[in-house]
Structures are given as C-alpha cells and as structure tokens.
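Hydrogens, waters and symmetry mates play no part in the numbers below; they use all other heavy atoms, side chains included. For this chain, numbers begin at 1 and follow the sequence in order.
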Amino acid sequence: MTSYCDHCGRPAGEGDHAACLAARAMEPPRHCARCARRMVVQVTPLGWSARCVEHGTMSG
C-alpha cells in the first residue's frame with residue numbers, strides 16, 4: 001500500500017519532503033496520507049480537524 005505526504009499529496013517515498021516536514025510543524029495536514037485526497041481542514045484556537053471523504057476525520 002502506498003502512503004502519501006500529508007502536506008503535498010505526492011507519494012511519501014518519492015522525492016525530498018524535508019520542506020513538507022518543516023511546514024507540518026506549524027500547519028495541519030492538507031492531504032490524506034492513505035489516499036492523497038485533499039481534505040477539508042478546520043483550524044480553531046484549540047487545534048485542528050481534517051476530514052477525508054474516504055477515510056474519515058483526524059485531529060490534533
């Protein structure tokens with residue numbers, strides 16, 4: 001099963017994702033790590049939630 005970068009949506013095993021990892025320190029995920037679909041993201045003062053149509057909701 002292929003996993004994807006949750007910041008840029010490209011396959012995690014391809015290319016350099018150092019910039020994505022640095023961005024994720026301050027931002028919620030934008031793409032589902034399981035299917036690479038763009039997620040609906042809501043940021044609140046207390047955290048964030050991201051919802052994939054296929055795989056459901058995650059929060060942080």
Starting from Leu21, walk the hydrophobic network (Ile, Leu, Val, Met, Phe, Trp, Tyr; side-chain heavy atoms closer than 4.5 Å) and list everyone else you reach, by chain and number.
->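 ILVMFWY cluster around Leu21 holds nothing else.
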Atom of His17, atom of Ala12 and distance for their closest heavy-atom approach = CD2-O, 3.5 Å
Restricting to pairs with a member in residues 3-13, which pass side-chain hydrogen bond (donor to acceptor under 3.5 Å, both in side chains), not counting sequence neighbours?
-> Asp6-Arg24
How would you list all residue pairs meeting side-chain hydrogen bond (donor to acceptor under 3.5 Å, both in side chains) that involve residues 47-60, not counting sequence neighbours?
-> none
Side-chain polar contacts of residues 27-42 - donor-acceptor pairs under 3.5 angstrom, sequence neighbours left out - could you list them?
from: His31; atom 1: ND1; to: Ala36; atom 2: O; distance (Å): 3.3

